[in-house]
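First up is the structure itself, then whatever we jot down about it.
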Amino acid sequence: MTKTINTKVLVVGGGPGGYVAAIRAGQLGLDTTIVEADRLGGTCLIRGCIPSKALIHAAGKFHELAHADNIGIKLPQPASFDLGQAVKWKDGITAKLNSGVTGLLAMAKVKVVKGRAVFSDAKTCTVETAEGPVTLRAEHVILANGSLPVELKILPFGGDIISSTEALSLPEVPKRLAVVGAGYIGLELGIAFAKLGSQVTVVEAQERILPLYDAELSRPVERWLKKNGVTVHLKSKVTGSSGKGKKLVLDYETAEGKAEEIPCDKILVTVGRRPNTQNWGLEQMGVDLAGAFVKVDQQCRTAMKNVWAIGDLVGEPMLAHKASAQGEMVAEIIAGQKRVFEPAGIPAVCFTEPEIVSVGLSPEQARAAGHEVKVGMFPYAASGRAMSMEAAGEGGFVRVVARADNHLVLGIQAVGVHVSELSGEFAHALEMHSRLEDIAGTIHAHPTLSEAFMEASLAALGHAIHI
Ligand code: FAD
Ligand code: NAD
């Protein structure tokens, strides 16, 4: 017999969008139910942000140990890497986070239904759970179904052709790894595998790596790839693959139209992600689409009354912190609060070597928007802290873009070792509508990498101290 649950708020999807929306709704006293088909935590906690950063950390540590002679660390024998052990450690982290989310939902008195929600109308869905079918009816539905990797017809996933999900749980480090797409995932994971000893070759359709970031920011990453033997074929088109295992070959066409092949053991396809809009009854819900995404307004309302959508399902940037911020907002709106999603900026971080951060407008974007700008840059090469962390030779820098007339900060970008940890200060400065003088006038602790932000602001004002 089908069990029926009536709930005030139904959240579909337990990723960083959905679980945050559900926790906040529960905290606000709303009767809330969340449905998750797989494991609570979603792409981010289970097969995305966290597991990839764990693997990147393990690879970075291994690589550092193997290159530490200059600072006096000599290993009695070359370090070896046990990927099986690293994957076990990474799985331990995801398990801990998964049970953490379960606990937080329980604390907020959110009911969890395990299974896939299939909608028959905007406010009704059925879930086949292990205990039998459950029908859920809700006053408000928050769609947080997330995204899936884009599959290329000529390189269908399966066997040695893998997506990021399989790349995060390989039994051994592939000797030769071909990567299709030099975006976020291709380079974050490609670099990690290169550090672990894979011979990595990247094929990218565009004319440069990380086309989402400006060329000045991606240059230090380009240099790292070159120095560390990663081959990158730009303006190239993959045409297919043949063979299996040791005989596997990735076929591609060069910028000049010449057919070439890359012998490899695995092909990692990372050409983007697409919103998960199919096969769960979205078409029964009366919502509109904007391209492939679910269309929402600035409060994440869809075209159907009291159906809301958040996260990767609703568009770029497809980032975990955007999903969470939207989830929190929607819960608060349902509870009667006045909220609109209009952040001054959403920080984007790429965990490459070195790392890249960008929030707000680049100099080019600011000029294109009609601003006359002041740009200040401070190189890691002039930072004592960067030197003491062996980070000064990587070409890293912090760059601040401000309006020339009133010095209002419009954007902040940086590239360098550990810059990801500065992203919070950058986003905060932008959200607080800081002016260059606010940042320059804030005493930054010495020696820290954050001093580079203060110095870049001083540079924009024309009086940096250390350059
Ligand atoms: P998801 O996290 O995709 O969650 C959606 C959930 O909905 C899933 O758990 C799914 O099982 C469930 N679901 C879908 N349909 C149904 C249904 N019908 N019924 C029940 N449940 C359903 N972002 C960052 O900000 N920083 C990073 O460092 C970063 N690294 C990444 C690394 C990798 C390898 C990948 C793949 C992604 C990474 N991302 C990163 C992107 C980030 O994971 C996503 O932006 C984020 O997870 C989106 O959150 P979401 O809640 O919208 O969707
Ligand atoms: P992406 O959009 O970052 O990069 C895809 C790359 O593939 C682009 O450079 C594109 O030009 C290239 N490409 C597309 N089709 C191609 C083809 N046929 N042949 C060769 N190259 C091709 O996508 P992704 O790396 O798959 O990541 C997906 C999304 O996940 C990202 O957009 C981001 O939102 C999220 N993500 C974020 C982080 C982070 O925040 N650090 C990390 C990983 C993933």
Side-chain angles (χ1 to χ4, degrees), residues 11-21 34-53 55-56 113-119 125 127-128 142-150 152-155 163-165 167-168 179-190 202-213 233-239 250 252-253 268-282 309-324 326-327 346-352 355-357 420 423:
V11 181
V12 186
Y19 84 73
V20 168
I34 188 167
V35 188
E36 169 53 56
D38 192 331
R39 289 170 70 194
L40 287 168
T43 305
C44 174
L45 266 55
I46 308 298
R47 54 193 167 273
C49 322
I50 301 295
S52 65
K53 266 78 253 181
L55 193 68
I56 288 166
V113 176
K114 290 185 182 169
R116 206 161 152 273
V118 178
F119 281 80
C125 70
V127 184
E128 289 296 336
I142 305 177
L143 299 174
N145 304 60
S147 64
L148 301 164
V150 169
L152 292 177
K153 276 209 183 86
I154 48 166
L155 289 172
S163 74
S164 54
T165 305
L168 292 169
V179 178
V180 183
Y184 274 100
I185 303 178
L187 287 189
E188 286 187 0
L189 295 185
V202 185
V203 179
E204 165 62 46
Q206 302 279 330
E207 59 188 9
R208 58 186 183 82
I209 62 163
L210 294 171
L212 274 175
Y213 293 96
H233 300 292
L234 298 171
K235 291 199 267 179
S236 299
K237 199 167 114 195
V238 287
T239 49
L250 172 67
Y252 74 100
E253 208 178 278
L268 171 61
V269 181
T270 53
V271 293
R273 293 179 65 82
R274 62 177 173 84
N276 178 10
T277 50
Q278 280 153 22
N279 303 321
W280 51 269
L282 178 69
I310 59 174
D312 282 8
L313 194 63
V314 302
E316 299 283 356
M318 291 163 105
L319 298 173
H321 39 285
K322 182 209 73 172
S324 299
Q326 290 179 329
I346 300 174
V349 179
C350 196
F351 293 82
T352 38
E355 295 172 349
I356 299 178
V357 175
S420 57
S423 63

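When a ligand or atom number is given, it counts from 1 through the structure's own listing order. Just the heavy atoms: all of them, side chains too, but no hydrogens, waters or symmetry mates, feed the values below. The shown structure was predicted, so the numbers you read here are calculated from the model rather than taken from an experiment. Residue numbers run from 1 in the order of the sequence given.
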Heavy-atom contacts under 4.0 Å between V180 and ligand 2: side chain, backbone, both, or neither?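 Near ligand 2, V180 shows its side chain, while the N, CA, C and O stay back.
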Side chain, backbone, both or neither: which part of K237 has a heavy atom under 4.0 Å from ligand 2?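 For K237, there is no contact with ligand 2 at all, from either part.
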Enumerated ligand 1 atoms positioned under 4.0 Å from heavy atoms of [X]:
X	result
A323	49 (O), 52 (O)
C44	2 (O), 43 (O), 47 (O)
S147	3 (O)
W280	18 (N)
N276	14 (C), 15 (N)
V35	20 (C), 21 (N)
G17	51 (O)
V12	17 (C), 19 (N)

Applying a heavy-atom cut-off of 4.0 Å, say which part of [X] lies close to ligand 1: side chain, backbone, both or neither.
X	answer
I185	side chain
K53	side chain
Y184	neither

Which residue and non-hydrogen atom of the protein lie closest to [atom], and at what distance in Å?
atom	answer
atom 35 (C) of ligand 1	G48 CA, 3.6 Å
atom 30 (O) of ligand 2	R273 CD, 3.7 Å
atom 16 (C) of ligand 2	V271 CG1, 3.5 Å
atom 35 (C) of ligand 2	M318 O, 3.5 Å

Checking F119 now: which residues fulfil ring-ring contact (aromatic ring centres under 6.0 Å, His included) with it, not counting sequence neighbours?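 Once residues adjacent in sequence are excluded, F119 has no partner under the ring-ring contact (aromatic ring centres under 6.0 Å, His included) criterion.
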Backbone or side chain, does any N or O of [X] fall under 3.5 Å from an N or O of ligand 2?
X	result
I185	yes
C350	no
V349	yes
Y184	yes

Within a strict 4.5 Å, meaning less than it, do heavy atoms of the S52 and F351 side chains meet?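 Side chain of S52 against side chain of F351, heavy atoms only: no contact under 4.5 Å found.
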Side chains of N279 and R116: closer than 4.5 Å at any heavy-atom pair?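 Yes, side chains in contact.
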Do any nitrogen or oxygen atoms of R39 come within less than 3.5 Å of a nitrogen or oxygen of ligand 1?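 N/O-N/O distance under 3.5 Å: no.
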Quick check: E36 and ligand 1, any N/O pair under 3.5 Å apart?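 It does: an N or O of E36 is found under 3.5 Å from an N or O of ligand 1.
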Step by step, would you call K53 with E188 a salt bridge (Lys or Arg N to Asp or Glu O under 4.0 Å)? CA-CA 9 Å; K53 266 78 253 181; E188 286 187 0; 2.8 Å; yes
At less than 4.0 angstrom from any non-hydrogen atom of [X], what atoms of ligand 2 do you find?
X	answer
L319	37 (C), 40 (O)
Q206	11 (O)
P211	9 (O)
F351	41 (N)

Give a yes/no on ligand 2: does P317 have at least one heavy atom closer than 4.0 angstrom to it?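 P317 does not count as a contact of ligand 2 under the 4.0 Å cut-off.
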